[in-house]
2 protein chains.
Amino acid sequence: MSSNAQTPVSAGRPRSEEAHQAILDATLALLVEAGFSGLTVEGVATRAGVGKATIYRRWPSKLHLVIEAFRQLPGLAEVDTGDLVEDLEQMLGSYLRILNDTPLAAVMPSLAGERAHNPELSELIDPILRGRRKPVLRALERAVERGEVRDDLDLELVADLIFGPIAMRVFFAGARINPKLVRPAIELVLKGITPRAGASD
Amino acid sequence: MSSNAQTPVSAGRPRSEEAHQAILDATLALLVEAGFSGLTVEGVATRAGVGKATIYRRWPSKLHLVIEAFRQLPGLAEVDTGDLVEDLEQMLGSYLRILNDTPLAAVMPSLAGERAHNPELSELIDPILRGRRKPVLRALERAVERGEVRDDLDLELVADLIFGPIAMRVFFAGARINPKLVRPAIELVLKGITPRAGASD
DNA sequence: CCATTACGATACTAACCGTTCCGTTCAGGA
DNA sequence: TCCTGAACGGAACGGTTAGTATCGTAATGG
């Protein structure tokens with residue numbers, strides 16, 4: 001515990017940074033092609049052009065490897081323009097771009113499916129997933145403070161309402177999502193949560 | 001092809017209907033515990049108290065067995081009261097009861113995750129999933145015809161908006177869903193799609 | 001009581017996979 | 001330049017699984 005735990009100071013052959021990244025890239029690629037249960041460490045090693053020991057020297061198990069590969073994928077970038085519609089539209093717009101341009105959408109269903117039966121995975125991935133919702137939750141909180149949105153709402157429910165349609169397409173269609181759907185979807189949700197809209201109950 | 005292909009007319013010992021159901025029950029139970037990739041035919045046979053041959057005599061593969069077990073789970077019952085709010089509330093209310101009372105919620109994430117990488121499963125399960133959305137889509141169509149809802153909407157998007165929050169909880173929380181959330185969720189969505197609510201664009 | 005089919009059990013095939021072990025390679029300090 | 005120690009790739013190990021085949025037994029209908 002004296003000084004540096006990560007930099008091995010000096011001795012021996014240094015680890016190949018090239019191999020490190022090749023392994024993570026191969027992991028994502030195979031996660032897309034075969035999912036968590038179909039991914040094999042052997043396959044990752046072959047595709048990355050390394051030996052299996054090179055993988056196990058860096059990650060203690062297939063699970064930890066997958067988690068780190070997943071963590072490399074970009075998440076939701078926080079936007080704070082002072083206007084909820086604008087915030088949501090920019091955040092979800094760029095999120096859809098991420099879903100369409102990176103392996104995220106292809107990887108998500110498999111990990112969610114595994115999560116349900118794998119407590120160890122659940123424990124590792126749940127905090128990451130919670131963190132990725134945060135920008136939307138914070139945007140909603142700011143909107144409540146500004147009086148832009150009713151203050152009697154369950155914001156978690158509203159967030160699920162916003163992410164829900166995206167999840168439906170990602171999980172059951174697996175298709176690219178048309179960014180043009182963002183605006184109508186946001187509008188539909190917002191009409192329900194703005195204060196002036198019908199104050200029925 | 002003369003007369004009956006299913007009823008073996010006469011000869012030999014008849015198949016045990018008891019074993020048949022025990023196999024399907026065991027399949028669902030193991031699907032809940034271990035998911036699709038963790039389910040083994042050997043495990044099903046053991047839990048059902050039958051031999052593996054008895055399973056393979058009925059279903060050509062693990063995949064077909066799982067599909068039939070899944071098909072046994074109840075779906076969305078159609079409701080037509082003449083009022084959209086009432087239709088949705090009754091349908092979603094009973095659907096939540098199904099999710100909470102049957103293995104459906106526990107089974108769904110695993111199958112959706114597998115679906116993304118298994119074309120054969122996708123081909124078998126997609127029609128079933130599409131069929132289960134239908135009652136909500138039809139309720140929306142009737143509401144459009146009655147003028148209860150704007151007629152310029154993408155009803156598939158609205159259906160995703162309705163199922164979305166449920167999916168979010170099933171896929172990422174895995175917890176029971178509080179039925180009290182149905183009404184506020186429906187109301188939030190409906191405020192966006194009723195004609196009198198703000199006619200902004 | 002016989003032909004026929006299903007039954008549970010078991011063993012077998014052929015494959016596959018997560019993890020560890022081993023002989024070799026290589027960068028940096030002496 | 002040589003030596004050390006960790007990293008390397010590949011081979012080996014231990015365990016598992018879908019699906020098939022075969023057993024002796026049990027239950028039908030004729």
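It should be emphasised that the depicted structure is a prediction, and the values quoted were computed from it without experimental measurement. Every chain is numbered from 1, with letters handed out A, B, ... down the list of sequences.
- Phosphate contact (OP1/OP2 of D/dA7, side-chain N/O of A/Ser16, threshold under 4.0 Å): absent.
- When every heavy atom of A/Ile23 is checked against every heavy atom of A/Arg58, the shortest pair comes out as CD1-CD, 4.4 Å.
- Proximity of A/Thr54 to the phosphate of D/dA7: no side-chain N or O atom is located under 4.0 Å from OP1 or OP2.
- Taking a cutoff of 4.0 Å between a charged side-chain nitrogen and a carboxylate oxygen, A/Arg133 and A/Glu156 qualify as a salt bridge.
- Distance, A/Glu17 CD to C/dA27 P: 15 Å, rounded to whole Å.
- Rounded to whole Å, the distance from CG on B/Leu63 to P on D/dA18 is 12 Å.
- What separates CH2 of B/Trp59 from P of D/dA18 is a distance of 15 Å, to the nearest Å.
- Listed candidates were C/dC17, C/dG8, C/dC21. Nearest to the side chain of A/Ala53 is C/dC21.
- For A/Ala139 against A/Met91, the heavy-atom pair with the smallest separation is CB-CE, 3.6 Å.
- Among pairs with a residue in residues 88-109 of chain A, those fulfilling side chain to side chain donor-acceptor pair (under 3.5 Å) read A/Glu86-A/Gln90, A/Glu89-A/Arg183, at least two apart in sequence or across chains.
- Phosphate proximity of C/dT19 to A/Lys52: absent, as no side-chain N or O sits under 4.0 Å from OP1 or OP2.
- At the phosphate of D/dA6, neither OP1 nor OP2 sits under 4.0 Å from any side-chain N or O atom of A/Arg58.
- Spacing between atom CD1 of A/Ile55 and atom P of C/dC17 amounts to 13 Å, rounded to whole angstrom units.
- If you measure from atom CG of A/Leu65 to atom C1' of C/dT19, you get 14 Å, rounded to the nearest angstrom.
- Closest-nucleotide positions on DNA chain C for B/Ala45 and B/Arg15 were compared, and the one nearer the 5' end corresponds to B/Arg15.
- Across all strands shown, A/Gly43 has no heavy atoms under 4.0 Å from either base or sugar-phosphate atoms.
- In this structure, CZ of A/Arg13 is placed 16 Å from C1' of D/dC3, rounded to the nearest angstrom.
- Contact between the side-chain N/O atoms of A/Arg57 and the OP1/OP2 oxygens of D/dA6 is not found at any separation under 4.0 Å.
- Atom pair A/Tyr56:OH and D/dG10:P shows a separation of 17 Å (rounding to whole Å applied).
- Checked against D/dG9, D/dA18, C/dT5, the side chain of A/Val50 finds its nearest nucleotide in D/dG9.
- Within the 3.5 Å criterion, the main-chain N or O of B/Gly82 finds a donor-acceptor partner in the side chain of B/Arg146.
- In this structure, A/Glu42 places its CD atom 9 Å from C1' of C/dC16, rounding to the nearest Å.
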